[in-house]
Amino acid sequence: MFQTSLLRVRVAKGKIFPLFVRPEGQDLELAQALIDTYSMMVGMKKGTLDSALKEIEEGRDYKLVRGLSVLIERGCRFEVRSQLEPFKARSVVFRLASGRYLQREEVLSEAASTLGVTVQALEESLWSDLEENLLLAEFNPIDPVALVKNYNLSLAQTLLFRSYSLEFSVSDHWKDVFRAIKWLGLMYTVRGEPNNLTVRVEGPLSLTKLTDKYGTSMAKLLEIIIRASKWEVKADVISSNKEHVYKFEISSDKEGRLMQSNAAFEDKLFDSDVEKKFYSDFASFNSGWNVKREPEPIVVGENVFIPDFSFEKYGHKVYLEIVGFWTPNYLANKAEKLKRVSGVDILVAVDEDLGGSPLKASELLYFKKRVPAEKVYLYLKGKEEALIEQTIQGKKISFTGGPVIELKELAEKNSLSIEALKKLLSQEAPINYVQVGDELVSQDYFDQLKSLVDQLDQKSFSQVDEVLKKNGISEVDAFLKKIGYTVIWHSLDPSEAVLQKGTRASAHLGRIY
């Protein structure tokens with residue numbers, strides 16, 4: 001993409017056609033001539049280079065020559081090369097000349113003496129930071145065919161910068177395309193099947209603010225689209241005077257060989273600080289939900305959602321989509337679609353600073369700067385409780401095993417989660433069993449062990465801990481609390497900890513845990 005002043009198009013019958021160049025014949029020769037010119041000018045001033053380019057422009061479309069040059073210069077490095085720092089040199093000269101009637105040569109001679117350089121070195125340094133005096137220090141050669149194809153892509157991208165909307169379809173790589181749309185924060189709607197989608201993207205001129213940034217994002221999307229085996233792009237482009245709307249159409253069948261994509265997105269864990277902060281905030285809740293970054297896109301009928309996160313527990317998934325740019329109408333349409341989607345649980349978080357006036361809808365979660373992880377956690381907590389209730393409805397627990405049953409094993413035998421099993425046990429306590437932490441202990445065995453602990457002469461914690469574990473009790477603290485004992489710690493050494501009957505203890509005995 002380059003500045004709109006270099007855009008080359010023709011208009012006919014309500015359509016606008018970019019003046020693409022071909023990777024052959026005179027167009028290819030021009031590209032090669034420009035590449036050779038830059039290659040020969042390494043070490044020379046930009047002003048000299050520009051003069052050479054002016055000569056090439058003669059008899060040709062200057063917009064074409066300058067557009068190709070812009071792309072070539074992206075692989076060049078220009079630098080200031082002088083004995084003195086230009087600003088310092090000018091400061092000294094102007095200071096010595098101020099208020100004095102001296103000839104130019106006298107001022108330069110005195111300034112050179114002050115700076116400890118020759119007059120020639122001073123003159124070469126004075127304006128060495130002006131654009132025409134910069135030196136071409138490095139040139140990375142580019143293949144002329146690649147240059148021509150990159151030019152055509154940039155031409156199409158520049159035209160899209162003035163678009164009101166864009167529609168495209170791709171034959172493959174649709175996941176990559178949608179992830180790019182999401183990564184770029186574009187507003188879109190879609191119809192069709194996953195491998196034959198037609199997507200409408202709102203253009204930069206449909207927004208009331210942030211149009212430059214959005215337009216750049218739109219241009220970057222085109223690089224992703226043309227990576228597909230087959231693609232088609234249609235756009236409504238507004239004229240520079242905003243009095244006309246033209247149809248712009250390109251496809252892989254007609255223009256595919258004329259363009260080349262060099263798009264490469266960095267494979268990083270998070271696309272933004274907003275996502276990174278949310279992930280960190282949510283992790284602090286230790287919710288037990290399995291969180292996945294960038295899960296699969298959801299295609300449901302005419303609706304496509306590109307979630308940023310998925311949360312999974314008990315076989316149920318909840319998706320979170322964090323919306324970038326938006327308008328009230330865009331959110332209204334999304335909220336309406338969410339109502340029609342069945343079997344998919346989606347939360348949509350919307351940054352108030354990236355759109356218009358807020359829209360009230362229960363499916364949307366507004367935020368400023370930071371997605372409220374607590375609200376997402378509470379939503380998931382409610383879902384979890386509902387899932388547990390649904391799981392245990394009409395469920396009866398089948399008890400098998402010895403005097404001590406671990407809840408984990410019992411849950412697996414009854415095809416339940418531990419949380420669901422505990423909920424069921426709280427509603428209907430098992431007959432002849434006592435729940436001790438994450439274990440069930442038969443009443444008879446519980447009474448035997450209680451008696452055994454009561455009869456111990458020295459009730460040190462380490463002694464009791466050893467006895468209970470030998471008898472199959474791993475939840476020692478929970479068991480002692482159940483039979484009315486408190487562990488009193490005098491230090492971090494377990495051998496010094498003792499038991500005391502009851503939940504209260506004298507302060508002088510130490511710290512209670």
Side-chain angles (χ1 to χ4, degrees), residues 156-157 160 163-207 214-215 217-237 247-253 261 263 265 271 294-310 317-351 354-355 359 361 363-364:
Q157 289 176 311
L160 289 179
S163 66
Y164 184 81
S165 66
L166 174 148
E167 274 197 3
F168 71 89
S169 60
V170 292
S171 61
D172 49 27
H173 296 298
W174 62 274
K175 284 188 178 181
D176 293 335
V177 171
F178 278 115
R179 296 212 186 282
I181 290 174
K182 189 65 182 177
W183 184 77
L184 294 167
L186 298 170
M187 300 183 296
Y188 71 96
T189 54
V190 65
R191 64 179 185 273
E193 298 300 322
N195 292 314
N196 186 27
L197 295 172
T198 298
V199 183
R200 176 186 170 89
V201 179
E202 299 302 318
L205 297 188
S206 67
L207 299 178
Y214 192 90
S217 295
M218 175 83 87
K220 289 180 179 178
L221 176 64
L222 184 61
E223 296 184 60
I224 307 299
I225 293 173
I226 68 172
R227 288 167 60 183
S229 302
K230 285 187 173 294
W231 51 267
E232 186 176 3
V233 173
K234 299 178 181 180
D236 293 325
V237 177
K247 296 292 183 182
F248 167 51
E249 299 179 4
I250 54 175
S251 67
S252 55
D253 291 339
S261 173
F265 284 87
D271 292 337
E294 287 194 343
E296 68 285 353
I298 305 166
V299 181
V300 185
E302 295 183 356
N303 303 314
V304 173
F305 297 98
I306 314 299
D308 293 293
F309 296 94
S310 69
K317 272 189 179 182
V318 177
Y319 298 91
L320 172 66
E321 179 183 1
I322 302 174
V323 174
F325 299 96
W326 58 275
T327 64
N329 285 339
Y330 176 74
L331 290 185
N333 289 335
K334 183 175 285 291
E336 185 61 29
K337 288 179 181 180
L338 287 173
K339 292 178 182 178
R340 297 198 301 266
V341 175
S342 60
V344 181
D345 199 345
I346 304 174
L347 278 174
V348 179
V350 181
D351 190 339
L354 294 181
L359 175 75
E363 297 86 358
L364 304 176

Approximate separation, where rounding is to 0.5 Å, of [X] [atom1] and [Y] [atom2]:
{"X": "Ile346", "Y": "Ser310", "atom1": "CD1", "atom2": "OG", "answer": "11.5 Å"}
{"X": "Ile181", "Y": "Lys220", "atom1": "CD1", "atom2": "NZ", "answer": "15.0 Å"}
{"X": "Leu166", "Y": "Leu186", "atom1": "CG", "atom2": "CG", "answer": "9.5 Å"}
{"X": "Leu222", "Y": "Trp231", "atom1": "CG", "atom2": "CH2", "answer": "6.5 Å"}

Any heavy-atom pair between the side chains of [Y] and [X] that's under 4.5 Å?
{"X": "Val199", "Y": "Val190", "answer": "yes"}
{"X": "Ile250", "Y": "Ile226", "answer": "no"}
{"X": "Ile322", "Y": "Phe309", "answer": "yes"}
{"X": "Lys230", "Y": "Asp253", "answer": "yes"}

Checking Glu167 against Val233 for the side chain to side chain contact (heavy atoms under 4.5 Å, CB included) test, could you report, in this order, the C-alpha distance in whole Å, the side-chain angles of both residues, the deciding distance, and whether it holds?
CA-CA 6 Å; Glu167 274 197 3; Val233 173; over 6 Å; no
For Lys234, side chain to side chain donor-acceptor pair (under 3.5 Å) partners two or more places apart:
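Listed in chain order: nothing, the list is empty.
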Sequence neighbours left out, what passes side chain to side chain donor-acceptor pair (under 3.5 Å) with Gln157? Give chain and number order.
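By the side chain to side chain donor-acceptor pair (under 3.5 Å) rule, Gln157 matches Glu223.
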Taking all non-hydrogen atoms of both residues into account, name the closest pair between [X] and [Y] and its distance.
{"X": "Asp345", "Y": "Lys317", "value": "CB-O, 3.6 Å"}
{"X": "Leu184", "Y": "Leu221", "value": "CD1-N, 3.7 Å"}
{"X": "Ala228", "Y": "Ser171", "value": "CB-N, 4.5 Å"}

Partners of Phe168 by ring pair (Phe, Tyr, Trp, His ring centres under 6.0 Å), sequence neighbours excluded?
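In terms of ring pair (Phe, Tyr, Trp, His ring centres under 6.0 Å), with neighbours along the sequence ignored, Phe168 is linked to no residue.
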